[in-house]
Amino acid sequence: MSPDEMKRQAALKAIELVEPGMRLGLGTGSTARHFVDLLGAKVKAGLDVICVPTSNVTRVQAESLGIRLTTLDETPELDLTVDGADELTDDLALIKGGGGALLREKIVAMASDRMVVIADLSKRVPRLGAFPLPVEIVRFGWRSTEDWVHSCLEEAGCSGAVTLRRLAGGEAFITDNGNYILDCALGRIDDPDILHDLLKSAPGVVETGLFLGIADTAFVADANGVVTLRAPDDET
Ligand code: 5RP
């Protein structure tokens, strides 16, 4: 089974959770894209749901499929968000933001009763950190913020290169919120909670790609099927 088919299998599990009338958060990335496609097919067949997209890319996809959209300003509480991840551990700590949508993804997930992660096997890790941690920062004074980020990493016992994310042409990547992203290649993160708290204390840091205690369930697909992982406090 190809990685893309595994992503689709995980999305198929998540679509089973969708019920008529639900308020949904729609994630961003190649895995979430499958979920939105499947949802679009259900909407076409008559399902009535209302959704908040986590990025402009997902908004455009959802609109093209005729999915009814709203904003968190109009609908501040959601029932379910389904999103991908760059890394996840078995207790559902995540790294997200590979697609640059981490801030809206975190706001939408935290506005939801339930966050479900969909992923292929390659995302499941024993410890976070092999994937470079994205950190969204404001553009003003970004070099100073980069220095702060270095200090925070050191204080958290982490080390590695910190790189301003750039597009293929060399220009800086700008998020949907008008910010920059620093990618922190740490190799391993021994204490994600401490690292997250330290980074958030730095002026200029908007949000980190560490999603800790947010996801409730994950559907992880491999060649043999889909494994369900649950957060330690998940009661569903
Ligand atoms: C975007 C994200 C994505 O969910 C994450 O990068 C996974 O993407 P993909 O499903 O394409 O591997 O966090 O900001």
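All figures in this text were calculated on a predicted structure; none of them were measured in a lab. Counting starts at 1 for both ligands and their atoms, following the listed order. These values consider heavy atoms only, across backbone and side chains, with no hydrogens, waters or symmetry-generated copies.
Judged by the shortest distance from any of its heavy atoms, Arg33 lies outside the 4.0 Å radius around the atoms of ligand 1. Residue contact check for ligand 1: Gly27 places no non-hydrogen atom closer than 4.0 Å to it.
Each of Leu72, Ile50, Leu24 was evaluated against Leu78; a single residue qualifies, Leu72, per the side chain to side chain contact (heavy atoms under 4.5 Å, CB included) test.
The protein non-hydrogen atom at the shortest distance from atom 12 (O) of ligand 1 is Lys123 NZ, 2.5 Å. Here the protein heavy atom with the shortest distance to atom 10 (O) of ligand 1 is Thr31 OG1, 2.5 Å. The protein heavy atom nearest to atom 6 (O) of ligand 1 is Asp86 OD1, 2.6 Å. The protein heavy-atom contact nearest to atom 3 (C) of ligand 1 is Thr28 O, 3.2 Å. Considering only non-hydrogen protein atoms, atom 9 (P) of ligand 1 sits nearest to Ser30 OG, 3.3 Å.
When each atom of ligand 1 is checked for a heavy atom of Asp83 under 4.0 Å away, the hits are 4 (O). Listed by number with element, the atoms of ligand 1 under 4.0 angstrom from any heavy atom of Gly97 are 2 (C), 13 (O), 14 (O). Listed by atom number, the atoms of ligand 1 under 4.0 Å from Gly84 heavy atoms are 4 (O). Listed by number with element, the atoms of ligand 1 under 4.0 angstrom from any heavy atom of Gly100 are 14 (O).
Not a single N or O atom of Gly29, backbone or side chain, sits closer than 3.5 Å to an N or O atom of ligand 1. At least one N/O-N/O distance between Gly99 and ligand 1 falls below 3.5 Å.
Scanning Arg104, Lys96, Glu105 for the heavy atom closest to atom 1 (C) of ligand 1 points to Glu105.
Looking at Thr54, its side chain does come within 3.5 Å of a backbone N or O of Leu26 through a donor-acceptor pair.
For the residue pair Thr89 and Asp91, a side-chain donor N or O sits within less than 3.5 Å of a side-chain acceptor on the partner. Defined by atom type and a distance below 3.5 Å, a donor-acceptor pair is missing between the side-chain atoms of Lys200 and Thr208. Of the N and O atoms on the side chains of Asn177 and Arg104, at least one donor lies less than 3.5 Å from an acceptor on the other residue. A donor-acceptor contact closer than 3.5 angstrom is absent between the side chains of Asp120 and Gln9.
Other residues, nucleotides and ligands contribute only 12 or fewer heavy atoms inside 6.0 Å of the CZ atom of Phe140. In this structure, Ile194 places its CD1 atom where only 12 or fewer heavy-atom neighbours from other residues, nucleotides or ligands lie under 6.0 Å away.
Taking 4.5 Å as the limit, some side-chain heavy atom of Leu195 sits within range of a side-chain heavy atom of Leu133.
Under 4.0 angstrom from ligand 1, there are no non-hydrogen atoms of Ala119.
Nearest approach of Ile118 to Thr31, heavy atoms of both residues: O-CG2, 3.5 Å.
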